[in-house]
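Report on the structure given below.
Heavy-atom basis, side chains included; hydrogens, waters and symmetry copies ignored.
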Amino acid sequence: MINDNDIKLVLGRNSFGLLSQEDDPWIRYSFDILLDEEDGPGQIVGSMQASKLSYGEMSRRKLALWMAFDDFSMEASECYDVLFTKKGNLRKAFWHQYYGLEEYFARDFHFLERIEVNENFKGNGISGIATRIYLENFANSDDVAYLKTFPLQHESRFGDKPYNREFRGDFKASQAKLCRYYAHLGFRRIGKTEHFFFVVDHFLSHRKD
């Protein structure tokens with residue numbers, strides 16, 4: 001059985017933790033997920049990509065919220081359309097009593113873009129452990145995080161990374177199963193959608209219970 005202390009995050013060789021350019025309020029992170037071994041360097045069992053939007057940097061550069069998302073990537077632009085109205089207010093479906101029913105968005109935002117666990121190590125809660133480690137080290141307790149579930153074994157059907165292994169179930173069924181899995185790990189699911197949005201401390205408190 002894999003315990004929380006068995007997992008480490010290692011910043012990838014091509015990643016960086018500084019703002020990349022003068023007009024970019026995002027910080028990008030790319031990690032290997034490492035399983036510690038007593039008699040060895042450890043085994044890479046997955047990978048994780050996350051990006052952090054610094055609200056302070058965005059405000060200092062006088063960037064509109066939509067512009068910060070739109071200029072970053074197509075995925076971030078699509079994320080903005082899901083979370084915010086055209087005026088930049090957080091959509092009501094994403095409000096939560098934990099941080100107040102407020103429309104105004106003024107927190108650092110963590111976009112959990114990709115969490116991939118090697119097939120032989122799935123079912124051990126590694127995605128949740130890796131997320132907790134990331135948030136404990138790179139986020140503040142009142143930051144918010146977003147994740148959209150996508151069953152990675154179906155990527156080949158969308159023209160991206162091919163998977164040679166066989167899998168059961170269509171895309172919809174696989175996505176529903178993945179959503180239930182993330183909800184079980186403590187991610188806050190928005191209704192019955194594939195979207196997850198939560199305050200960092202709320203997730204960390206759940207994980208420690």
Side-chain angles (χ1 to χ4, degrees), residues 26 46 48-53 55 64-66 68-70 72-117 122-136 138-155 157-158 160 167-209:
W26 291 85
M48 179 177 182
Q49 285 80 46
S51 295
K52 172 184 174 181
L53 172 61
Y55 180 82
L65 185 63
W66 70 267
F69 278 79
D70 195 56
F72 183 61
S73 68
M74 185 189 317
E75 291 79 9
S77 179
E78 292 173 352
C79 173
Y80 177 87
D81 290 338
V82 169
L83 292 173
F84 302 99
T85 67
K86 291 183 178 179
K87 293 182 178 181
N89 297 327
L90 189 63
R91 296 185 187 276
K92 289 186 177 181
F94 295 90
W95 290 1
H96 190 264
Q97 61 183 7
Y98 185 80
Y99 55 84
L101 303 180
E102 57 188 51
E103 297 181 13
Y104 184 62
F105 186 79
R107 295 173 173 83
D108 287 349
F109 176 88
H110 298 263
F111 185 16
L112 306 178
E113 299 174 72
R114 187 182 185 95
I115 306 173
E116 184 170 1
V117 177
K122 289 186 175 181
N124 291 289
I126 293 176
S127 295
I129 297 172
T131 301
R132 179 180 62 77
I133 294 171
Y134 166 75
L135 294 176
E136 285 186 340
F138 296 94
N140 295 313
S141 61
D142 60 349
D143 288 353
V144 293
Y146 169 81
L147 138 75
K148 177 182 177 181
T149 57
F150 186 98
L152 297 179
Q153 69 268 34
H154 285 267
E155 280 189 328
R157 296 183 177 182
F158 290 82
D160 295 320
F167 51 88
R168 297 179 180 178
D170 59 16
F171 177 82
K172 187 175 181 180
S174 298
Q175 188 174 54
K177 182 178 179 180
L178 187 60
C179 285
R180 291 192 296 271
Y181 171 73
Y182 276 113
H184 174 73
L185 291 180
F187 294 83
R188 176 177 170 255
R189 185 178 182 183
I190 306 304
K192 296 182 178 180
T193 73
E194 68 273 27
H195 305 291
F196 290 75
F197 185 75
F198 53 91
V199 175
V200 168
D201 189 52
H202 187 64
F203 172 77
L204 295 180
S205 297
H206 175 89
R207 289 287 300 165
K208 292 177 181 178
D209 289 342

Taking the side chain as every heavy atom from C-beta outward, state whether [X] and [Y] have any atom pair closer than 4.5 Å.
{"X": "R188", "Y": "F203", "result": "no"}
{"X": "K148", "Y": "C79", "result": "no"}
{"X": "F109", "Y": "L83", "result": "yes"}
{"X": "Y134", "Y": "L112", "result": "yes"}
{"X": "V117", "Y": "S127", "result": "yes"}

Kindly write out the residues that satisfy ring pair (Phe, Tyr, Trp, His ring centres under 6.0 Å) with Y80, not counting sequence neighbours, or none if the list is empty.
-> F69, F84
For Y182, what residues pass the ring pair (Phe, Tyr, Trp, His ring centres under 6.0 Å) criterion, not counting sequence neighbours?
->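 Result, ring pair (Phe, Tyr, Trp, His ring centres under 6.0 Å) vs Y182: F187.
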Can you measure from [atom1] ([X]) to [atom2] ([Y]) and round to the nearest 0.5 angstrom?
{"X": "D143", "Y": "Y55", "atom1": "CG", "atom2": "OH", "result": "13.0 Å"}
{"X": "I126", "Y": "I115", "atom1": "CD1", "atom2": "CD1", "result": "11.5 Å"}
{"X": "F197", "Y": "Y146", "atom1": "CZ", "atom2": "OH", "result": "10.0 Å"}
{"X": "E194", "Y": "F196", "atom1": "CD", "atom2": "CZ", "result": "9.0 Å"}
{"X": "T131", "Y": "L185", "atom1": "OG1", "atom2": "CG", "result": "8.0 Å"}
{"X": "K87", "Y": "L65", "atom1": "NZ", "atom2": "CG", "result": "15.0 Å"}

Which pair of non-hydrogen atoms, one from [X] and one from [Y], has the smallest distance, and what is that distance?
{"X": "D108", "Y": "K52", "value": "OD2-CE, 3.3 Å"}
{"X": "T193", "Y": "I190", "value": "OG1-O, 2.7 Å"}
{"X": "M48", "Y": "A130", "value": "SD-O, 3.9 Å"}
{"X": "C179", "Y": "T149", "value": "SG-OG1, 3.1 Å"}
{"X": "A50", "Y": "E113", "value": "C-OE2, 3.7 Å"}

Side chain to side chain contact (heavy atoms under 4.5 Å, CB included) between F72 and L53: does it pass, once the steps are laid out?
-> CA-CA 10 Å; F72 183 61; L53 172 61; over 6 Å; no
N/O donor-acceptor pair under 3.5 Å between [X] side chain and [Y] backbone:
{"X": "D70", "Y": "S77", "value": "no"}
{"X": "R107", "Y": "V144", "value": "no"}
{"X": "R180", "Y": "H184", "value": "no"}
{"X": "W95", "Y": "L90", "value": "yes"}

